[in-house]
Amino acid sequence: MSRRWVVSLLLCVPLFARHPVRERKAMVVAQEQQATDIGVAVMKAGGNAVDAAVAVAFALAVTHPTAGNLGGGGFLLLRTDRGESTFFDFRERAPGKATRDMYIGPDGKVTRDSLVGWRASGVPGTVHGLWTAHQKHGSKPWASLVAPSIKLAKGFPMSYSLSESLESAAPRLLSKFPETNRIYLRDGKFYEKDDVFVQADLARTLTRIAKHGPKDFYEGETARLFAAEMEKNGGLITLEDLKNYQTAVRKPLTGSYKGHEIITAPPPSSGGIGILQIMGMLEGTGYHNTGAGSAAAIHVVAEAMRRFNADRSEHMADPDFFKVPVSGLLSKAYIEQLRNSIDREKASKSDAVRPGKPALAESAETTHFSIIDPKGNAVALTYTLNGSYGSGVTVPGLGFLLNNEMDDFSAKPGEANMFGVVQGEANIIQPRKRPLSSMTPTIILKDGKLKMVVGAPGGSRIITGVAQVILNVLDFGMGVQSAIDAPRFHHQWQPDKLMVEREMSPDTIAALRAKGHEVDFISNVALVEAIVVEDGWLAGGTDRRAHGKAAGF
Ligand code: GLY
């Protein structure tokens, strides 16, 4: 009997599961197909994983404007073939003129200004972050990595998924801003599949970035135009803010789970603490013995998610402004306390689960791609405009959309943001602060060797989505594609609801309701893109919920 049959019988993994893409040397998994192909071409020409990441990120800024960006920010997690790991934090920062109450109206209610329009944006970090990673680890000339995206910006055939996405975002957002309307909606007429989509201003901006790097974006012609339009339209970002932008090079967070080393996102992401806390609460419980997708297993994982998200609301923020008690939140004793508070039979009430008291020992739309190069360097990169198409604003003459990342701050402590996430004082708006993120680029090792590169877009659902795919691989023995395809669920403490994807069986949902969970449906819990190293192969899995591509050689 083949190994696959045995594993399938033992774990009840369906044999009809989709296969991943398998390659021996190198792999890119990204959310848009042309971007994946560009990353593969860079590595075929001798570039490393960081070179490929720079080229893929610029390509996504052209072909996947929903989330790919120049006007947003993100995180790049790198593990080199020599075993060194670095976290490049190019998250947006609040403008210098930002104030704590800037999104509270005269009636005391939170306005929509953090979501839509010129005042919704933080200072973008993407160009700076890609440049910083490339300066330290790139091997191919910068301009050669921007070149493919310039070509794409001069015109590429519209995909079905992009034309559909633009059409659905039009009434809500894109049509509200004349420049955005002109570029993405062809002056109000929708692009059809295979129409050639030309972004001439973006091509010119990319050409300047290819030539001058971040000097253009943060101090040069792009910066001057950007700041002038901000001033004209009542936005807050100034030339000074752009000049002051810095990528933070941080030490990744590390932890372990069942003999695996987890390398993941530190604050200002809550993602790394999230997966380490959730998995920590599960370790040793045997929760997985009832099988993947069983109500009993889902219940325990959901309770762990609930407890982490209660902590997230109070203890996490930009570490340059707030002392995040990372080691307290991840200490064995504290996690044991959280684990012991889980009732295996009955759902807790979120109102009764308060943020914990860890030792203070120390000071939507988003996109993700995973890359492994032939030497074994690995990159997990998640970057974002926050909401789909960000704030809806395209800076006239520059051709790129701006983020609405200011909504990731706590505009009014105790009130929910776009993702329904309730946050506290720690994450209030302060000038030059980075908003708390959920982005969770993660790399997993087994015996010091690469095992998995993973991450996802999906707002507050990123952490729970990434955690489930990791658990599906490490605890339920699934291959990467099955691990991604399996229906997912999400609990974020408040609102007190267990959100499940529609593919979850009615039987399971009934059993969860019987345990006291209020179950609601959700279209997706994140869009996970992952590579797993198995039996000498790189297995690339893309999310069936999106339109990405895994490819390599
Ligand atoms: N904007 C989504 C996040 O960073 O969590």
Side-chain angles (χ1 to χ4, degrees), residues 31 57 60 64-77 87-94 103 114-116 120-126 129 173 247-248 250 253 264-275 278 305 308-309 311-313 316-319 324 364-369 380-392 401-411 416-423 426-427 429 433-442 454-467 490 492-493 524-529:
Q31 248 182 297
L60 287 168
H64 186 57
T66 333
N69 68 79
L70 303 183
F75 303 135
L76 185 158
L77 175 63
F87 185 78
F88 295 91
D89 167 3
F90 53 97
R91 181 85 164 148
E92 301 89 330
R93 295 169 71 182
Y103 299 120
S114 65
L115 283 172
V116 179
S121 306
V123 182
T126 296
L173 186 68
T247 297
R250 303 187 193 274
L253 211 55
T264 186
S269 175
S270 56
I273 295 174
I275 60 166
I278 291 168
M305 291 172 177
F308 153 66
N309 275 301
D311 274 352
R312 184 191 190 277
S313 74
M316 294 166 222
D318 181 347
V324 183
E365 179 84 14
T366 307
T367 188
H368 173 86
F369 53 88
L381 190 152
T382 314
Y383 76 151
T384 184
L385 290 167
N386 195 25
S388 195
Y389 302 102
S391 64
L401 284 157
L402 289 179
N403 68 82
N404 58 351
E405 215 68 63
M406 293 296 283
D407 193 63
D408 271 350
F409 278 117
S410 147
N417 72 1
M418 172 171 75
F419 299 109
V421 171
V422 175
Q423 311 185 86
N427 191 32
I429 302 170
K433 188 177 180 181
R434 291 170 155 95
L436 181 63
S437 172
S438 296
M439 293 186 285
T440 315
T442 297
V454 60
S460 59
R461 297 173 229 149
I462 293 174
I463 304 167
T464 53
V466 168
H490 172 74
Q492 62 182 41
W493 177 56
N524 68 65
V525 176
L527 305 169
V528 181
E529 311 288 348

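Remember, it's 1-based here, ligands and their atoms both numbered in the order they're listed. We use all heavy atoms of the structure for the numbers below, so side chains are in, but hydrogens, waters and symmetry mates are not. Keep in mind the model is a prediction, meaning the values are calculated, not measured.
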Query raised in the report: For S437 and ligand 1, does the shortest N/O to N/O distance drop below 3.5 Å?
Result: yes

Report summary line: The side-chain contact (heavy atoms from CB on, under 4.5 Å) partners of T66 (sequence neighbours excluded) come to H64, S165, E365, S388, Y389

Requested in this report: Enumerate the atoms of ligand 1 whose separation from the nearest heavy atom of S438 is less than 4.0 angstrom.
Outcome: 3 (C), 4 (O), 5 (O)

Report task. Could you tell me which atoms of ligand 1, counted from 1 in the order shown, lie closer than 4.0 angstrom to a heavy atom of M439? Result -> 4 (O), 5 (O)

Query raised in the report: Can you tell which of T382, L436, N404, D408 gets a heavy atom nearest to atom 2 (C) of ligand 1?
Result: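 The option holding the nearest heavy atom is D408.
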
Requested in this report: Kindly write out the residues that satisfy ring-ring contact (aromatic ring centres under 6.0 Å, His included) with F75, not counting sequence neighbours, or none if the list is empty.
Outcome: F87

Query raised in the report: With distance as the sole test, does N427 use its side chain to make a donor-acceptor pair with the main-chain N or O of A411 at under 3.5 Å?
Result: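 It does not hold such a pair.
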
Requested in this report: Classify the side-chain pair S313/Q423 by whether it contains a donor and acceptor separated by less than 3.5 Å.
Outcome: no

